[in-house]
There are 2 protein chains.
Amino acid sequence: MAKEKQATSSDVLRLENQLCFRLYAASKEVVRRYRPHLEPLGLTYTQYITMMALWEEESLSMKELGARLDLESSTLTPLVKKLETAGLVTRQRSTEDERSTVVGLTQAGRDLHDKALSVPACMADDLAIDTSLGLQLIDDLDELLQQLRTDNQDR
Amino acid sequence: MAKEKQATSSDVLRLENQLCFRLYAASKEVVRRYRPHLEPLGLTYTQYITMMALWEEESLSMKELGARLDLESSTLTPLVKKLETAGLVTRQRSTEDERSTVVGLTQAGRDLHDKALSVPACMADDLAIDTSLGLQLIDDLDELLQQLRTDNQDR
DNA sequence: AACGATTATATCGCACGCGATTTATTTTGG
DNA sequence: CCAAAATAAATCGCGTGCGATATAATCGTT
């Protein structure tokens, strides 16, 4: 392997693998760290981001939820049903388009918002990520996601 | 900590502000993009990175594999058993420490390496990530992972 | 040597996550 | 106006992913 600065073709090929694996590892690690903070709320990470979307909008269709969370209906349907069973959300067919299912918050779901307010601060403490690194990663991940989604269209 | 722009409590909860969500979304998207390239090999992404580790080392214990891939034995055991069923790897108890299970490559597993060589190039084409963005993300994710793992120790 | 602690895997239960398919509803083109 | 295409959810099957626990082997201490 070349030791100097020069990038060989195998370096370039390896880049994709390395980037993917690091994303995969970092994502799993951060979600793992969420678990203890979310457990008192009775939520998993995916349920938590679903509730976050609803705390912002109060009510969203399954399609809108899927677009925001980047999840398929096959993932979302059972997940939202669990939240419904837990008494946090309601599910009902839209009156204007009966193909659409609208998910809304119950009072218990709204109430959970207050308890959830402490989660980001706890996570910030727990992760103890350097702030400038965090901000830079957010920017770069946004750019990555945008690049991934724009060239999604020619597939 | 204090910025000129004060963050409100609801800003803190906002989906778009969360590093974690971006990692989660980016990781899923990249793994999704791998799928069509790995399907001809009969591998999932997790199976692929497992085989990559073995193509590098020829033989690894379950513990070593878990450390490399950042996976628990509860994930790894069934996964490696599937690779064994597919005829790609062997599993046997270590003779020197019978607690340890050693995973090795079969000839079919070694042969698969050649077919897999084209995958990173296909992914590089497919993702079409800006090189400097990719390199920067790798560096930043490395730093993130290191920070996560060092303060893991006081938990 | 003995036995409690540690270590390496394996097992179990639960929750994603998605492609493929199905069902119900709306939209559209002739 | 109506059948075909498109759309929105739901369902199914399979493969992770992990915490909790179980099991077996080794280590450490006396």
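Values in this document were obtained by computation on a predicted structure and should not be read as measured data. No hydrogens, no waters, no symmetry mates; every other heavy atom, side chains included, goes into these values. Lettering follows sequence order; numbering is per chain, from 1.
Taking a 6.0 Å sphere around NZ of A:K63, one finds it holds 12 or fewer heavy atoms contributed by other residues, nucleotides or ligands.
By the 4.5 Å heavy-atom criterion applied to side chains, B:L144 and B:L141 are counted as neighbours. Taking 4.5 Å as the limit, some side-chain heavy atom of B:L133 sits within range of a side-chain heavy atom of A:Q147. Between A:E56 and A:R68 there is a side-chain heavy-atom pair separated by less than 4.5 Å.
Across residues 59-75 of chain B, B:S61, B:M62, B:K63, B:S73, B:S74 each have a non-hydrogen atom less than 4.0 Å from an atom of DNA chain C (numbered order). Residues from residues 43-52 of chain B placing a heavy atom under 4.0 Å of any atom in DNA chain C do not occur. Contact check of residues 77-85 of chain B against DNA chain D (heavy atom, cut-off under 4.0 Å) returns B:L79, B:K82. Of the residues in residues 88-101 of chain B, B:R91, B:R93, B:R99, B:S100, B:T101 come within less than 4.0 Å of DNA chain C through at least one heavy atom, sorted by number.
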Open item on the list: Could you walk me through whether B:T77 and B:T101 satisfy the side-chain contact (heavy atoms from CB on, under 4.5 Å) test, starting with their C-alpha distance in whole Å, then the side-chain angles of each, then the deciding distance to 0.1 Å, before giving a yes or no?
Closed with: CA-CA 10 Å; B:T77 296; B:T101 297; over 6 Å; no
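Protein chain A touches strand DNA chain C; the 5'-most and 3'-most nucleotides with an atom under 4.0 angstrom of its non-hydrogen atoms are C:dA15 to C:dT26.
The nearest whole Å value for the distance from the CG atom in B:L76 to the P atom in D:dG19 is 14 Å.
When all heavy atoms are compared, the tightest approach of B:R33 to B:D126 is NH1-OD1, 3.4 Å.
Under the 3.5 Å distance criterion, the side-chain polar atoms of A:R22 are matched with a main-chain donor or acceptor of A:Q18. In terms of modelled atom types and a separation under 3.5 Å, the side chain of B:T50 and the main chain of B:T46 share a donor-acceptor contact.
In this view, A:E98 satisfies the side-chain hydrogen bond (donor to acceptor under 3.5 Å, both in side chains) rule with no residue, not counting sequence neighbours. Residues forming a ring-ring contact (aromatic ring centres under 6.0 Å, His included) with B:Y48 (at least two apart in sequence, or on another chain): B:Y34. Evaluation of the side-chain contact (heavy atoms from CB on, under 4.5 Å) rule for B:K82 yields B:Q47 as partners, not counting sequence neighbours. Applying the side-chain contact (heavy atoms from CB on, under 4.5 Å) rule to A:D111 yields the partners A:Q107; only residues at least two apart in sequence or on another chain are considered. For B:S59, the side-chain contact (heavy atoms from CB on, under 4.5 Å) partners at least two apart in sequence or on another chain are B:V102.
Each of A:K28 and A:V102 was assigned the nucleotide of DNA chain D with the nearest heavy atom; the assignment lying further toward the 5' end belongs to A:V102.
A:D70 has a carboxylate O that lies under 4.0 Å from a charged side-chain N of B:R32, or vice versa, which qualifies the two as a salt bridge. Under 4.0 Å is where a charged nitrogen must lie from a carboxylate oxygen, and between A:R149 and B:E29 no such pair does.
For the helix from C:dA1-D:dT30 to C:dG30-D:dC1, the end axes, each set by the C1' atoms of five terminal pairs, are bent relative to each other by 20° (nearest 10°).
Note that CD1 of B:I49 and CG of B:L69 are 5.0 Å apart. Values are rounded to the nearest 0.5 Å.
Residue pairs meeting the ring pair (Phe, Tyr, Trp, His ring centres under 6.0 Å) criterion with at least one member in residues 89-127 of chain B, sequence neighbours excluded: B:W55-B:H113.
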